[in-house]
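Predicted, not measured: the structure shown is a model, and the values here were computed from it. Residue numbers start from 1 in every chain, and the chains themselves are labelled A, B, ... in the order their sequence lines are given, proteins ahead of strands.
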Number of protein chains: 2
Amino acid sequence: MGITIKDIAKIAGVSYSTVSKALNDSPLVKKDTKKKIVKIADELGYEPNFAAQRLVSKQTKIIGLIWPTIERVVLSTLVTKINNKINKTPYSMILSVESTETALDTFRKFQVDGIILFEENSKPSIRQTTIPLISYGVAKERDVEYPIIDANHEQAMYQAVKHLYELGHRDIAYIGDLSSTDPMQAEKYNGFMKAMEQYMLSIEDINMIDTGGLDWYNGYAATKKRFENPTYPTAIVGGSYDISSGIIRGIKEIGLDIPRDVSIISYDNIPQMANTEIPLTCIGVPVERLAEEIVQSIIHCIEEKNITSNVKKMSPILVERASCEKRK
Amino acid sequence: MGITIKDIAKIAGVSYSTVSKALNDSPLVKKDTKKKIVKIADELGYEPNFAAQRLVSKQTKIIGLIWPTIERVVLSTLVTKINNKINKTPYSMILSVESTETALDTFRKFQVDGIILFEENSKPSIRQTTIPLISYGVAKERDVEYPIIDANHEQAMYQAVKHLYELGHRDIAYIGDLSSTDPMQAEKYNGFMKAMEQYMLSIEDINMIDTGGLDWYNGYAATKKRFENPTYPTAIVGGSYDISSGIIRGIKEIGLDIPRDVSIISYDNIPQMANTEIPLTCIGVPVERLAEEIVQSIIHCIEEKNITSNVKKMSPILVERASCEKRK
DNA sequence: TTGAAAGCGCTACCAT
DNA sequence: ATGGTAGCGCTTTCAA
């Protein structure tokens with residue numbers, strides 16, 4: 001094992017409790033003593049024993065993030081941002097890519113101070129955990145066990161349709177994943193439908209396009225197929241970043257111009273949206289904001305022990321780029 | 001805090017050291033006593049205090065994986081496989097997506113028993129860590145600090161070229177990322193060049209195609225550009241899974257048939273290769289094997305304290321699928 | 001301002 | 001086969 005406070009105490013000629021205080025910057029230690037002790041600790045390359053610290057303090061200052069599947073760009077970006085935010089606090093983050101149940105076990109063992117859960121598909125029954133937990137996922141009525149951070153998909157779709165409507169578009173299609181059991185996807189197209197109704201725009205089945213998946217290629221293939229029919233919409237709402245990048249590909253290959261022939265607005269709001277072939281106009285909660293909210297929220301839960309189960313619907317923001325324009 | 005062994009001891013009417021032994025399945029405890037104690041522990045929902053355990057045992061049974069960038073499919077797959085393998089041992093895995101330096105600090109703090117490092121770009125100077133560490137990356141001569149698991153890229157490229165040669169192909173192009181500072185990419189095209197020489201195939205600049213990146217789209221764009229020139233190669237070696245899926249896309253859109261007009265063999269060897277538009281013939285170390293080797297290797301380092309710095313070059317395997325055929 | 005000592009929950013050794 | 005007990009390295013009273 002390495003250096004302990006006792007080693008330092010011996011060298012400094014003080015008691016080890018004084019060393020402990022000094023190293024924790026306690027005001028109970030004289031400046032000079034403190035300085036001397038810190039210097040010695042540095043020289044010796046002292047590293048506090050984490051296990052010992054937490055054994056007595058009951059705190060790990062660690063937040064666990066459960067991410068059952070490593071996949072979409074949007075989520076990778078979110079993980080990275082969350083990590084960055086956490087590093088600006090006294091906490092650190094660790095990640096588990098295991099199934100929710102297994103990950104919860106691991107984190108319980110670690111005694112992390114708090115858990116962030118990315119929900120995919122199913123809503124796991126959280127066995128009574130004393131560990132504060134918040135979830136990034138879709139809020140359903142029955143959710144009362146823990147706080148949920150959700151994006152306001154309905155509002156997002158309303159704004160998307162509104163934007164297109166105001167640009168003069170009337171034939172609007174939705175291309176997204178309607179197949180999955182992921183409730184987030186369902187929320188999006190429900191929101192889209194509702195918005196279309198509000199604007200009295202009728203929607204034909206042929207313009208409700210199911211990609212059957214969330215990869216760029218799904219969006220690409222669905223688009224090509226749709227545009228085999230020469231009567232095409234003047235605007236498209238894409239269900240996600242990946243899907244929309246496939247849509248762009250598809251439309252360009254058909255020989256149509258974006259945005260002259262077809263306008264596209266995509267769900268999701270990440271910086272990468274600016275780097276697609278045609279910079280994408282998009283609607284969604286900025287990842288930056290999402291990360292901010294998630295981190296603040298979990299730390300609040302940890303520190304206030306205030307595990308009120310509530311739902312926070314985050315407001316989307318529209319970012320205009322090159323993929324949308326007035327209908328000609 | 002929760003239940004401790006002392007609580008259990010009180011209820012069971014034994015000393016807490018007996019409880020400790022019983023819970024650790026020591027042969028020094030009578031069967032009946034053991035059974036009784038375990039039962040009580042279960043009923044109480046006892047969970048051992050990890051911090052206390054490691055404080056005394058000096059072991060965490062945790063392996064940390066450092067993965068500075070979340071990106072390519074191949075790596076996601078590898079992480080998942082490694083995680084699965086580790087879960088079959090007494091160890092668990094945690095992941096850090098921070099920079100190597102920061103991640104090392106975190107893991108030091110956690111006192112993980114071992115570290116797996118995915119190297120990207122630079123080779124960080126590992127400040128003297130007493131923690132066993134192995135790396136998945138490219139072996140260079142000067143590497144002597146820690147064991148490295150590497151794929152034998154040269155051999156892979158040799159086999160790829162050989163396979164194509166034997167199918168009658170003479171005009172072979174390489175499409176891969178030649179731009180990055182990632183030494184793994186460099187190894188691949190060097191290997192390709194060398195193999196071409198050995199088969200006395202001359203390679204023209206126009207057939208050494210730089211995608212300028214590792215995304216599918218880079219492969220796609222590079223392919224389209226190359227095939228603007230009607231004199232095209234009869235076979236292509238793709239530099240990675242993602243790139244090759246882009247190549248397929250590109251070629252199909254030009255209206256050529258795979259493998260009738262152009263054969264493709266891709267680097268990397270993951271199950272997803274079977275699911276591309278045209279199932280890809282590929283060459284590479286199977287992820288499964290890679291994961292196996294990495295996990296075995298780190299556990300060996302941990303348990304034998306045998307931190308000999310060596311390099312293991314893993315042998316690639318060729319898997320034939322639909323994307324390659326005899327030159328017509 | 002400093003030191004002594006209790007104790008966090010557990011393992012492992014020695015004694016019984 | 002079981003119990004007693006010394007620590008692991010640290011924080012945190014309480015006393016000096």
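The nearest whole Å value for the distance from the CD atom in B:Q111 to the P atom in D:dC8 is 15 Å. The nearest whole Å value for the distance from the CZ atom in B:R54 to the P atom in D:dC10 is 13 Å. Put simply, NZ on A:K35 is 16 Å from C1' on C:dT1, counting in whole angstrom units. In this structure, B:K6 places its NZ atom 14 Å from C1' of D:dG3, rounding to the nearest Å. The distance between atom NZ of B:K10 and atom P of D:dG3, rounded to the nearest whole Å, is 15 Å. Between A:K58 atom NZ and C:dC10 atom C1' the separation is 11 Å, expressed in whole Å. Here the P atom of nucleotide D:dC8 and the CD1 atom of A:I5 are 12 Å apart, to the nearest Å. For the pair A:N49 CG and D:dC10 C1', the interatomic distance rounds to 8 Å; values are reported in whole Å.
Between B:M93 and B:N87 there is no side-chain heavy-atom pair separated by less than 4.5 Å. Side-chain contact check for B:I115 versus B:L104: some heavy-atom pair is nearer than 4.5 Å. Residues A:I8 and A:L44 are in side-chain contact: their nearest non-hydrogen atoms beyond the backbone lie under 4.5 Å apart. Looking at A:Y46 and A:I5, their side chains come closer than 4.5 Å, going by heavy atoms from C-beta outward. Side chains of A:F118 and A:I66 form no contact here, defined as non-hydrogen atoms less than 4.5 Å apart. A heavy-atom distance below 4.5 Å is not found between the side chains of B:S76 and B:V79.
Among the protein residues, A:F50 comes within range of no part of the nucleic acid, since none of its heavy atoms lies under 4.0 Å from any strand.
Rounded to the nearest 0.5 angstrom, A:W67 CH2 and A:I82 CD1 are separated by 10.0 Å.
In this structure, B:D25 pairs ionically with B:K34, as a charged nitrogen and a carboxylate oxygen lie closer than 4.0 Å. The pair A:E288-A:K85 meets the salt-bridge criterion, with a side-chain N (NZ, NE, NH1 or NH2) lying under 4.0 Å from an Asp/Glu carboxylate O. Electrostatic pairing of A:R108 and A:D105 counts as a salt bridge here, judged by a charged N lying under 4.0 Å from a carboxylate O.
Where the helix from C:dT1-D:dA16 to C:dT16-D:dA1 starts and where it ends, the local axes point in directions that differ by 40°; five pairs per end, rounded to 10°.
For A:S57 and C:dC8, the shortest distance from a side-chain N or O to OP1 or OP2 is not below 4.0 Å. Remark: B:Q53 is in phosphate contact with C:dT11, judged by side-chain N or O atoms under 4.0 Å from OP1 or OP2.
Annotation: B:K61, atom NZ; neighbour count of heavy atoms from other residues, nucleotides and ligands within 6.0 Å is above 12.
For the residue pair B:S315/B:N152, the side-chain donor-acceptor check at 3.5 Å is not satisfied.
Using a 4.0 Å cutoff on non-hydrogen atoms, no part of residues 36-44 of chain A comes near DNA chain D. Contacts between residues 13-32 of chain B and DNA chain C, defined by a heavy-atom separation below 4.0 Å, involve B:Y16, B:S17, B:S20, B:K21, B:N24, listed by number.
Position along DNA chain D of the nearest nucleotide to B:K34 versus B:L55 favours B:K34 as the more 5'-ward residue.
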